[in-house]
Amino acid sequence: CIRDMLVGTGQRPNRQQEFQVYPNPGNGLFYINFPSSLTDPVRVEISNIQGEIILKRWVPINERDNYPLDLRSWPDGVYFLDAGDIVRKI
């Protein structure tokens, strides 16, 4: 189950600006789909339940479809994916 949380503005983003993460729940290998309306690279951060950032990278706009995110080397648990103003629990 994916739960959306908005960080910062207090307003829900336009649905066209949201991204998809799948499979969720998963085995540690996830894929992200960003909307085609994006025109700039996207900053992606993964944090653990303690709020520690364990992974940070920029996703080039030409790789926005099915971008792989491999967390299999990290212990099982709850992680948060932050891409811009939207945070998803994975």
Roughly how far apart are [X] [atom1] and [Y] [atom2], rounded to 0.5 Å?
| X | Y | atom1 | atom2 | answer |
| --- | --- | --- | --- | --- |
| Leu81 | Ile46 | CG | CD1 | 3.5 Å |
| Tyr31 | Asp65 | OH | CG | 13.5 Å |
| Ile54 | Ser73 | CD1 | OG | 8.0 Å |
| Asn66 | Phe30 | CG | CZ | 14.5 Å |
| Leu55 | Glu45 | CG | CD | 9.0 Å |

Exercise for the section: For Asp70, look at atom CG and say whether over 12 heavy atoms of other residues, nucleotides or ligands are found less than 6.0 Å away. Expected result: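 Check passes, neighbour count above 12.
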
If you define the side chain from C-beta out and look only at heavy atoms, does anything of [X] sit under 4.5 Å from [Y]?
| X | Y | answer |
| --- | --- | --- |
| Leu71 | Leu29 | no |
| Tyr22 | Asn33 | yes |
| Phe80 | Asp82 | no |
| Trp58 | Val44 | no |
| Arg57 | Leu69 | yes |

Handout entry: Residue pair Val21 / Asn24: nearest heavy atoms and the distance that separates them
Key =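 It is O-CB, 4.1 Å.
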
Practice task
Indicate, with yes or no, if Ile53 and Val42 share a hydrophobic cluster defined by side-chain heavy-atom contacts under 4.5 Å among Ile, Leu, Val, Met, Phe, Trp and Tyr.
Solution key: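 In one cluster: no.
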
Problem - With sequence neighbours excluded, residues passing side chain to side chain contact (heavy atoms under 4.5 Å, CB included) with Pro60 - result: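 Testing Pro60 for side chain to side chain contact (heavy atoms under 4.5 Å, CB included), a comparison that skips the adjacent residues, returns Asn62, Glu63.
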
